[in-house]
There are 2 protein chains.
Amino acid sequence: MSVDTQQVRMAQALREAGYRLTQPRLAVLQVLQENEAGLNPEEIHQLGKTLCPSLGLVTVYRTLDLLAELGLARRLHSEHQCHSYASARTDRHYLICERCHRVIEFPCHGLDELLESVRQHTGYTINEHLLELRGLCPDCQENQAVQRNA
Amino acid sequence: MSVDTQQVRMAQALREAGYRLTQPRLAVLQVLQENEAGLNPEEIHQLGKTLCPSLGLVTVYRTLDLLAELGLARRLHSEHQCHSYASARTDRHYLICERCHRVIEFPCHGLDELLESVRQHTGYTINEHLLELRGLCPDCQENQAVQRNA
DNA sequence: TCCTTGTTGAAAGAACTTTTCAATAAACTA
DNA sequence: TAGTTTATTGAAAAGTTCTTTCAACAAGGA
């Protein structure tokens with residue numbers, strides 16, 4: 001998909017959701033498009049200023065939120081940083097309840113073939129991985145059911 | 001493994017690495033042990049003060065770093081927050097180069113059975129997932145080889 | 001072109017993390 | 001066990017990162 005096509009897609013998405021298409025928003029979008037992934041807000045701001053000199057960092061934050069809302073951008077990591085006690089393993093498997101935010105670790109088998117296939121397709125070596133699942137824990141599923149019936 | 005066993009393990013790890021075993025460090029460790037996963041530094045601080053009243057937040061941060069260095073604790077999410085341009089999918093698969101920090105997305109098949117097995121073992125429903133792989137991209141592998149030969 | 005109102009950028013504020021430094025306490029020595 | 005050394009601590013200050021506030025601006029409809 002070309003840059004222009006993407007911009008048209010974004011223009012539509014914005015209008016449909018009742019937002020305006022502005023120069024700062026186009027600049028942020030274009031920076032994201034041209035850099036695939038892995039930019040932080042400050043980097044996006046610096047690159048974006050070459051496209052829209054008046055662009056402010058605040059607008060970058062706001063636009064990233066907006067694009068996320070529209071499903072056009074996505075935060076790479078979860079917003080709340082946590083610490084967990086863990087063994088010396090480098091591989092991490094977390095299961096997070098979206099309602100009560102409880103976090104458990106789970107044993108994970110059967111990922112090896114997947115990793116090998118990724119390695120072959122991309123040429124990357126893979127040293128460690130993080131698999132983070134989000135859903136509802138049994139308690140919250142039950143509470144939700146109770147609430148629906150009430 | 002019991003709490004006491006863990007403390008002995010930590011005492012050894014600290015001494016072997018040339019660090020001292022202190023009350024604040026024991027308190028942080030014990031809080032992490034008793035709470036499995038998902039605490040932020042401030043929460044650890046509050047809980048830790050019941051075990052070591054003088055415990056300061058700064059020491060919590062320092063101890064978490066130390067425990068991470070010793071392989072006894074682990075940060076749940078990566079420290080640098082990034083944004084990536086993405087489609088509307090809720091499932092995310094990132095491959096991050098640990099050297100040049102390039103991030104690419106990759107197609108991911110074959111995770112479904114794994115998720116189903118996790119669901120059965122834990123009782124959680126799973127709405128979305130994040131699979132983050134870390135390794136070296138082909139370019140950096142090559143550069144590393146060149147450097148070794150130089 | 002005018003008007004309405006969503007959007008912007010700067011400054012201030014909030015939240016989170018790190019650095020600095022004098023006081024403290026762990027661990028070694030005698 | 002008491003004395004000594006030095007890593008460690010907690011408080012305050014500084015540094016980062018992100019959010020809120022608000023007057024000025026510009027997008028898009030009339």
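Scope of the values below: all heavy atoms of this structure, side chains included, with no hydrogens, waters or symmetry mates. Convention: sequence-line order gives letters A, B, ...; per-chain numbering from 1.
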Without decimals, in angstroms, what is the distance between [X] [atom1] and [N] [atom2]?
X: Ile44(A); N: dC18(D); atom1: CD1; atom2: P; answer: 10 Å
X: Leu51(A); N: dT8(C); atom1: CG; atom2: P; answer: 15 Å
X: Arg62(A); N: dC22(D); atom1: CZ; atom2: C1'; answer: 11 Å
X: His45(B); N: dC16(C); atom1: NE2; atom2: C1'; answer: 14 Å
X: Glu43(A); N: dC18(D); atom1: CD; atom2: P; answer: 11 Å
X: Asn40(A); N: dT17(D); atom1: CG; atom2: P; answer: 7 Å
X: Leu66(B); N: dA7(D); atom1: CG; atom2: P; answer: 14 Å
X: Arg15(B); N: dA7(D); atom1: CZ; atom2: C1'; answer: 14 Å

Exercise: do Gln12(B) and Glu16(B) side chains pair donor with acceptor under 3.5 Å:
no
Has the side chain of Thr125(A) got a donor or acceptor atom that lies under 3.5 Å from a matching backbone atom of Leu136(B)?
-> yes
| Any donor and acceptor pair, going by atom type alone, linking the side chain of Gln23(B) with main-chain N or O of Ser54(B) inside 3.5 Å? | no
As a test of reading the structure: which of [options] is closest to the side chain of [X], going by heavy atoms?
X: Asp65(B); options: dT18(C), dC18(D), dC22(D); answer: dT18(C)
X: Thr59(B); options: dC22(D), dT9(D), dT19(C); answer: dT9(D)
X: Tyr61(A); options: dT21(D), dT18(C), dT19(D); answer: dT19(D)

Evaluation steps, side-chain contact (heavy atoms from CB on, under 4.5 Å), between Leu131(B) and Leu114(A):
CA-CA 11 Å; Leu131(B) 178 57; Leu114(A) 176 68; 3.8 Å; yes
Residue pair Glu42(A)/Ser54(B) against DNA chain D: nearer the 5' end by closest nucleotide is Ser54(B)
_Students often get this wrong, so: under 4.0 angstrom with heavy atoms, is Leu57(A) touching a base, only sugar-phosphate, or nothing?_
nothing
dist Leu115(B):CG -> Asn127(B):CG (nearest 0.5 Å) comes out at 11.0 Å
Review point. So do Asp65(A) and Arg62(A) actually touch side chain to side chain, heavy atoms under 4.5 Å?
Key: no
Residues of residues 17-26 of chain B with a heavy atom under 4.0 Å from any atom of DNA chain D, listed by number, are Tyr19(B), Arg20(B), Thr22(B), Pro24(B), Arg25(B)
By side chain to side chain donor-acceptor pair (under 3.5 Å), Gln120(B) pairs with (sequence neighbours left out) Glu116(B)
